[in-house]
Colleague: 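One structure, pasted below without further comment.
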2 protein chains.
Amino acid sequence: MSELVQDTITRLRDSGMRKTKALVELVETLADESRPMTLAELCASKRLVDLCDKATVFRLLQKFADKGVVRRLGLHERAAYFVLLVPGRHSDYLICTSCGTIEAIKAPCPVHALEDEIREKTGYQNLYHELEFFGVCPACV
Amino acid sequence: MSELVQDTITRLRDSGMRKTKALVELVETLADESRPMTLAELCASKRLVDLCDKATVFRLLQKFADKGVVRRLGLHERAAYFVLLVPGRHSDYLICTSCGTIEAIKAPCPVHALEDEIREKTGYQNLYHELEFFGVCPACV
DNA sequence: GTAATTGCAAATACTTTGCCACGTA
DNA sequence: TACGTGGCAAAGTATTTGCAATTAC
């Protein structure tokens with residue numbers, strides 16, 4: 001068991017959770033992959049597929065996120081977001097994790113150089129990016 | 001009607017779509033707001049609420065996205081993505097829009113300076129960011 | 001022993017489609 | 001007139017919850 005896994009489990013224990021097989025194997029799976037994964041992917045992974053129910057994984061992830069051990073990616077709502085593409089313009093967004101307000105950021109986007117580098121080094125076609133900042137807005141503090 | 005709206009409608013017309021009231025009002029709404037919006041928000045907006053059905057807005061958005069006029073934000077799957085947070089580490093991701101593969105990017109993240117600036121200027125608390133690059137990976141081209 | 005955790009199944013939520021009526025070109 | 005578009009309702013997919021049984025401590 002890696003140090004990261006040990007440490008993560010310790011943090012979860014310290015926050016009051018019980019060390020169950022499902023908890024340990026979920027942390028191991030997340031650490032193994034070190035990339036964003038869906039609930040379905042996690043449940044289908046070899047460590048978890050025959051071990052526990054989807055509801056269990058869901059509830060563990062929820063608690064992990066509460067405790068800051070896991071992050072759920074994406075914008076505020078569960079629903080999909082659509083935005084108009086304006087030729088020649090690019091926007092990044094600032095989103096309040098409490099009230100869900102989304103505003104466009106005026107500052108120039110600092111990512112174009114890295115985007116060019118990725119285009120050259122990886123051979124990905126039609127490259128573009130999304131950049132979002134999340135935090136609690138002054139009105140919600 | 002703004003130039004952006006006119007131009008967008010022209011592009012949609014040129015790609016074979018018919019100019020209907022629902023299409024025009026949806027484009028106007030997206031241009032008015034110029035921020036990512038959910039299907040529910042769009043349907044509830046003043047221009048659309050009494051004009052057309054949710055299925056209509058959905059199908060229009062789908063076509064707009066096909067034609068590159070609108071972008072649907074977020075990772076590949078409809079489902080939520082979860083990732084383990086490693087203290088002291090931050091990752092950005094490169095995602096194939098065709099096969100959905102997600103890989104972490106090794107290059108240093110160029111966003112920290114802007115993040116600091118936003119923290120100072122806006123007063124948002126607990127600020128963090130997500131940065132994703134999207135494109136078609138070499139295996140999918 | 002007690003309270004957290006789990007499985008199962010049901011309830012929600014959001015998205016997507018089928019079908020026929022309708023409107024645009 | 002012909003074919004894209006729209007409304008309504010139903011189906012599909014993902015998320016979330018209730019409750020009784022189980023397990024960690």
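Please read these numbers as outputs of a predicted model, since none were measured by experiment. Per chain, numbering begins at 1; letters A, B, ... match sequence-line order.
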Colleague: If you measure from SG on B:C137 to CD1 on B:I102, what distance do you get to the nearest 0.5 Å?
Modeller: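 Atom-to-atom, B:C137:SG and B:I102:CD1 are 12.5 Å apart.
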
Colleague: When you group the ILVMFWY residues by side-chain heavy-atom contacts below 4.5 Å and let the links chain together, are B:V49 and B:V24 in the same group?
Modeller: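 Different hydrophobic clusters.
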
Colleague: Tell me, with the steps shown, if A:K63 and A:D66 meet salt bridge (charged side-chain N to carboxylate O under 4.0 Å, His left out).
Modeller: CA-CA 5 Å; A:K63 285 186 186 168; A:D66 282 349; over 6 Å; no

Colleague: Within the 4.0 Å limit for protein heavy atoms, which parts of nucleotides 20-25 of chain C are touched? Write it as a string from 5' to 3', B for base, S for sugar-phosphate only, - for none.
Modeller: ---BBS

Colleague: How far does CZ of A:F64 sit from CZ of A:R11, to the nearest 0.5 angstrom?
Modeller: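 If I round to the nearest 0.5 Å, the distance is 10.5 Å.
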
Colleague: Drop me the distance from A:D92's CG to B:I118's CD1, to the nearest 0.5 angstrom.
Modeller: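 If we round to the nearest 0.5 Å, A:D92:CG and B:I118:CD1 are 8.0 Å apart.
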
Colleague: Do the ring planes of B:H112 and B:H129 sit parallel (below 30°), tilted (30 to 60°) or perpendicular (above 60°)?
Modeller: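 B:H112 vs B:H129 ring planes: perpendicular.
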
Colleague: Please report the shortest heavy-atom distance between B:E103 and A:Y124, naming the atom on each side.
Modeller: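 Scanning both residues completely, I find the closest heavy atoms to be OE2-OH, 3.3 Å.
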
Colleague: With axes from five pairs an end, tell me the bend angle of the helix from C:dG1-D:dC25 to C:dA25-D:dT1, nearest 10°.
Modeller: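 Helix axis angle between the two ends: 40°.
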
Colleague: Over how many whole Å does the gap from B:L23 atom CG to D:dG4 atom C1' extend?
Modeller: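 Computing the B:L23:CG to D:dG4:C1' distance gives 12 Å.
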
Colleague: Rounded to the nearest 0.5 Å, how far does OG1 of B:T56 lie from CG of B:L23?
Modeller: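 Between atom CG of B:L23 and atom OG1 of B:T56 there are 11.0 Å.
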
Colleague: Enumerate the residues from residues 26-53 of chain B whose closest heavy atom to DNA chain D is under 4.0 Å, giving them by residue number; use none for an empty result.
Modeller: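 Heavy-atom cutoff 4.0 Å gives B:L51, B:C52, B:D53.
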
Colleague: Using modelled atom types only, decide if a donor and an acceptor are shared between the side chain of B:E130 and the backbone of A:G74 within a distance under 3.5 Å.
Modeller: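 Flag set: sc B:E130 to bb A:G74 pair under 3.5 Å.
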
Colleague: If you round to the nearest 0.5 Å, how far is CE of B:M17 from CG of B:L12?
Modeller: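 Separation between the atoms: 6.0 Å.
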
Colleague: Using a heavy-atom distance cut-off of less than 4.0 Å, which residues of residues 55-67 of chain A contact DNA chain D?
Modeller: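 Those residues are A:A55, A:F58, A:R59.
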
Colleague: Nearest 0.5 Å, what's the CZ-CG distance between A:F133 and B:L131?
Modeller: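 Between A:F133 CZ and B:L131 CG, I get 8.5 Å after rounding to 0.5 Å.
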
Colleague: Does A:E25 have any salt bridge (Lys or Arg N to Asp or Glu O under 4.0 Å) partners at least two apart in sequence or in another chain, and if so, which?
Modeller: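 With neighbours one apart ignored, the set is A:K21, A:R47.
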
Colleague: Could you check which residues of residues 69-80 of chain B get a heavy atom under 4.0 Å from DNA chain C? Sort them by number, please.
Modeller: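 Within this stretch, B:R72, B:R78 sit under 4.0 Å of the strand.
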
